[in-house]
Q: 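Here's a structure for you.
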Number of protein chains: 2
Amino acid sequence: MNLRERKKQRTRDALLRAALELFATRGYEETTVDDIAAAVDVSQRTFFRYFAGKEETAFFVPRLAEALVVDAVRARPPGEVPLEALRRAVVESWDTIHEAVEDIVPIDLHMRVYRVIESTPALLAAHLRRAAELEEQLAGIIAEREGLDVDADPRPRIVVALFGGVIRVTERLWSAGDDLTMEGLRRLTTAYLDQVGPALAGNWRAEPSP
Amino acid sequence: MNLRERKKQRTRDALLRAALELFATRGYEETTVDDIAAAVDVSQRTFFRYFAGKEETAFFVPRLAEALVVDAVRARPPGEVPLEALRRAVVESWDTIHEAVEDIVPIDLHMRVYRVIESTPALLAAHLRRAAELEEQLAGIIAEREGLDVDADPRPRIVVALFGGVIRVTERLWSAGDDLTMEGLRRLTTAYLDQVGPALAGNWRAEPSP
DNA sequence: TGTCAATTGTCAGCGACTGTCACTAGCCTC
DNA sequence: GAGGCTAGTGACAGTCGCTGACAATTGACA
């Protein structure tokens with residue numbers, strides 16, 4: 001790797017860290033691109049040569065996580081029923097994600113940024129759009145697994161929408177609570193996924209949930 | 001109603017129409033606030049006195065529709081199972097929505113704008129965030145119906161997330177297709193909702209869907 | 001070492017907003 | 001019906017995100 005390349009990598013990293021650190025401490029809207037550039041001592045123009053926009057820095061880590069989830073779903077054995085494949089893929093990929101994130105940014109910083117994402121309207125909106133794109137991708141993968149045409153059969157998109165909905169609910173509750181550990185997220189998510197059946201099937205009043 | 005009040009109402013309406021018309025023909029990003037203000041012959045500053053932002057004009061009609069859906073869910077007889085209540089509320093409120101929209105903006109214009117919303121990344125993101133807020137509200141209503149605590153019992157949020165997910169899928173498919181009628185949306189949505197059970201239950205390969 | 005190409009800074013400009021302030025037009029009272 | 005009062009408006013200046021253009025710099029490679 002060149003000196004030039006290394007230098008680029010360093011500024012990129014520095015910009016990303018500075019941005020996330022500022023978002024986490026001061027807030028997203030309260031941080032200007034000039035602030036980020038100044039923290040790394042480059043011009044504002046240079047920031048925009050590395051990142052398409054302020055938003056892109058906030059979603060750098062989530063983007064990585066999404067890619068890992070997609071891989072994990074692809075790697076699931078074809079014997080599993082779709083919902084099961086999705087569930088195992090996500091729950092099991094969290095460990096991988098944890099490690100991969102640490103290589104880029106302290107996991108603690110990432111979690112503080114994640115809270116900012118969930119509580120900043122502009123970022124939350126962007127997050128949900130990304131999630132929608134991810135769901136579309138997953139629906140395609142599920143359809144392929146089952147040998148179906150996504151556009152002809154509604155079921156792949158339905159399962160993924162259901163699954164994605166539950167994941168988003170648990171992500172939100174998790175980020176709003178105090179237990180910001182991976183273990184806490186895993187517990188919450190599996191508990192919610194276990195309730196999918198009961199939520200659809202039964203008479204709630206007759207059978208209260210734990 | 002005052003002359004003053006009437007005048008205000010007229011500028012508000014004119015701004016809204018001008019904005020939607022421009023969005024539908026030229027596109028959202030291609031329309032500047034100056035364009036909208038110029039079309040009504042007021043200053044840009046005045047536009048911002050009527051609307052919090054360009055985005056707000058695009059979501060004026062959807063906001064109305066959401067309010068009607070909430071009302072419709074509240075009005076459902078308590079005997080219905082949650083998913084059934086949601087389904088009937090939404091499907092039946094479309095007629096009400098149709099009328100209410102016509103009072104403000106030609107329904108045809110609204111539909112063209114809706115297409116723009118679904119195909120403009122910034123607007124789609126905002127739309128999804130609004131949908132998330134609506135889901136949170138509906139979860140509260142459902143929980144109340146069933147006499148549950150939303151934060152203690154996962155099921156209200158799960159059903160609503162599932163339902164919302166299916167609705168969003170069908171909205172997207174509908175807006176991307178050619179049949180932009182209410183009837184088309186109703187058919188598509190009911191067909192998809194009918195597939196929720198099969199999507200979760202069965203072995204897809206053994207029982208292909210229609 | 002000198003040339004070439006990649007990286008960067010500077011500057012100018014657009015579009016969405018916001019605050020400020022003077023001005024105008026409708027309202028209300030005498 | 002003239003006057004003052006105030007809500008509504010326009011004009012102006014400024015912030016912030018972002019982009020294009022051009023010149024200056026810095027590493028790469030012969």
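Everything numeric here is computed off the predicted structure, so don't read it as measured data. When reading the values below, keep in mind they use all heavy atoms of this one structure, side chains included, and skip hydrogens, waters and symmetry mates.
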Q: Sequence neighbours excluded, which residues qualify as ring-ring contact (aromatic ring centres under 6.0 Å, His included) partners of A:F47?
A: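 Scan of A:F47 (ring-ring contact (aromatic ring centres under 6.0 Å, His included), adjacent residues dropped) gives A:F51.
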
Q: Apply side chain to side chain donor-acceptor pair (under 3.5 Å) to A:T190 and list each qualifying residue two or more places apart in sequence or on a separate chain.
A: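 In terms of side chain to side chain donor-acceptor pair (under 3.5 Å), with neighbours along the sequence ignored, A:T190 is linked to no residue.
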
Q: Return the set of residues passing ring-ring contact (aromatic ring centres under 6.0 Å, His included) with B:Y28 (not counting sequence neighbours), or none when no residue passes.
A: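 With sequence neighbours excluded, B:Y28 shows a ring-ring contact (aromatic ring centres under 6.0 Å, His included) to B:F23, given in chain and number order.
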
Q: Which residue pairs pass the salt bridge (charged side-chain N to carboxylate O under 4.0 Å, His left out) test with at least one member in residues 28-39 of chain B, sequence neighbours excluded?
A: B:R26-B:D35

Q: Give, ordered by number, those residues of residues 12-39 of chain B having at least one heavy-atom distance below 4.0 Å to an atom of DNA chain C; if nothing qualifies, reply none.
A: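 Heavy-atom cutoff 4.0 Å gives B:T31, B:T32, B:V33.
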
Q: Would you give a per-nucleotide map of nucleotides 6-13 of chain D, 5' to 3', where B means the base has a protein non-hydrogen atom under 4.0 Å away, S means only the sugar-phosphate does, and - means neither?
A: BSSBBB--

Q: With a strict under 4.0 Å distance from non-hydrogen atoms of chain A, what nucleotide opens and what nucleotide closes the contacted stretch of DNA chain C, reading 5' to 3'?
A: C:dA5 to C:dT10

Q: Which pairs, with at least one residue in residues 48-63 of chain A and sequence neighbours excluded, count as a side-chain hydrogen bond (donor to acceptor under 3.5 Å, both in side chains)?
A: A:T11-A:Y50

Q: Taking side chain as C-beta onward, heavy atoms only, is B:I117 less than 4.5 Å from B:F59?
A: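 Of all side-chain heavy-atom pairs linking B:F59 with B:I117, at least one is under 4.5 Å.
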
Q: If a pair satisfies salt bridge (charged side-chain N to carboxylate O under 4.0 Å, His left out) and one of its residues is in residues 84-96 of chain B, list it, with sequence neighbours excluded.
A: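 Salt bridge (charged side-chain N to carboxylate O under 4.0 Å, His left out) check on residues 84-96 of chain B returns B:R76-B:E92, B:E80-B:R88, B:E84-B:R88, B:R87-B:D194, B:D95-B:R186.
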
Q: Please list all pairs passing the side-chain hydrogen bond (donor to acceptor under 3.5 Å, both in side chains) test where one or both residues lie in residues 115-124 of chain B, with sequence neighbours left out.
A: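 Non-adjacent pairs meeting side-chain hydrogen bond (donor to acceptor under 3.5 Å, both in side chains): B:Y114-B:E118.
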
Q: Filter on salt bridge (charged side-chain N to carboxylate O under 4.0 Å, His left out), then keep only pairs touching residues 6-18 of chain B, sequence neighbours left out; what's left?
A: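 Every candidate salt bridge (charged side-chain N to carboxylate O under 4.0 Å, His left out) pair involving residues 6-18 of chain B fails, so no pair, neighbours aside, qualifies.
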
Q: Quick one: salt bridge (charged side-chain N to carboxylate O under 4.0 Å, His left out) pairs with a partner in residues 128-137 of chain B, sequence neighbours left out?
A: A:R172-B:E136, B:E66-B:R130, B:R129-B:E133, B:E135-B:R168, B:E136-B:R157

